[in-house]
Amino acid sequence: EPEVTQTPSHQVTQMGQEVILRCVPISNHLYFYWYRQILGQKVEFLVSFYNNEISEKSEIFDDQFSVERPDGSNFTLKIRSTKLEDSAMYFCASSVSRFVGESTGELFFGEGSRLTVL
Amino acid sequence: AQRVTQPEKLLSVFKGAPVELKCNYSYSGSPELFWYVQYSRQRLQLLLRHISRESIKGFTADLNKGETSFHLKKPFAQEEDSAMYYCALNPGTYKYIFGTGTRLKVLA
């Protein structure tokens with residue numbers, strides 16, 4: 001069964017460093033997402049991406065964050081200058097459709113990338 | 001404001017006992033609601049959606065618009081139901097709004 005894959009599974013970085021988290025969505029999916037979960041808190045929406053552009057972003061997704069689909073398969077999240085508060089589990093997800101009334105609106109999640117900023 | 005509230009962080013029940021995981025939402029429109037589950041060392045996955053009105057692994061959830069609730073229920077809990085459960089709302093945009101999650105522990 002196809003799955004969303006994320007790398008790395010865990011990254012430790014120094015404050016101020018740039019981090020790139022990578023995701024390979026399921027191949028026939030059209031919509032891509034990043035979520036994050038700070039330890040003990042809720043899963044928070046960061047950004048969605050469709051047709052090679054950001055379709056929606058949250059207030060968390062400020063100028064320090066960017067997303068890219070550099071080729072036909074990868075979907076990356078870059079944090080330019082990491083802060084302590086960026087420490088979290090980052091989840092990539094993909095879906096065939098955004099129309100949740102259809103069965104294809106289901107989000108498929110990766111296993112997450114744990115980011116630790118020291 | 002759009003919000004999902006799961007009041008219980010942890011719910012412990014004995015095997016065979018009924019389970020109810022609470023979820024309340026705040027949304028002025030017609031909501032699309034879901035339950036996602038994360039078993040130990042596995043990824044978040046869809047359990048069920050309100051629009052399907054289905055029962056998955058013995059779980060059901062009914063949307064109550066009057067009480068703005070979407071509680072998850074199972075009449076007889078099994079040990080393999082132990083997991084983290086997240087209620088989620090899609091307000092018709094590109095994003096899902098998740099609750100903080102409830103950890104269900106089913107005791108033998």
Check the surroundings of atom [atom1] in [X]: do more than 12 heavy atoms from other residues, nucleotides or ligands lie under 6.0 Å from it?
X       : atom1 : value
A:Arg80 : CZ    : yes
A:Lys83 : NZ    : yes
A:Leu39 : CG    : no
B:Tyr39 : OH    : yes
A:Glu85 : CD    : yes

- Query: Any chance the rings of B:Phe98 and A:Tyr35 have centres within less than 6.0 Å?
  - Reply: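 That pair passes the under 6.0 Å test.
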- Query: Hey, what do you get for CG (B:Leu46) to OG (A:Ser95), rounding to the nearest 0.5 Å?
  - Reply: 11.5 Å
- Under the side-chain contact (heavy atoms from CB on, under 4.5 Å) rule, collect the residues that match up with A:Ala93, sequence neighbours excluded.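 A:Ala93 satisfies side-chain contact (heavy atoms from CB on, under 4.5 Å) with A:Tyr33, A:Leu107, A:Phe109 only.
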- Message: Please classify the contact of A:Gln37 with chain B as side chain, backbone, both or neither, using a heavy-atom distance under 4.5 Å.
- Response: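 Answer is side chain: those atoms of A:Gln37 sit under 4.5 Å from chain B.
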- Item | Non-hydrogen side-chain atoms of B:Gln6 and A:Lys42 separated by less than 4.5 Å | no
Let me have the donor-acceptor pairs involving side chains of residues 70-79 of chain A, under 3.5 Å, with sequence neighbours excluded, atom names and distances please.
residue	atom	partner	partner atom	Å
A:Asp71	OD1	A:Ser73	N	2.8
A:Asp71	OD1	A:Ser73	OG	3.2
A:Asp71	OD1	A:Asn74	N	2.7
A:Asp71	OD1	A:Asn74	ND2	3.3
A:Asp71	OD2	A:Asn74	ND2	3.0
A:Thr76	OG1	A:Glu68	O	3.4

- Item | Any donor-acceptor pair under 3.5 Å from B:Arg43 side chain to A:Val4 backbone | yes
- Query: Under 4.5 Å, heavy atom to heavy atom, which residues of residues 54-63 of chain A contact chain B?
  - Reply: A:Ser55, A:Glu56
- Item | Proximity of residues 110-118 of chain A to chain B, residues having a non-hydrogen atom under 4.5 angstrom |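 Checking residues 110-118 of chain A against chain B gives A:Gly110, A:Glu111.
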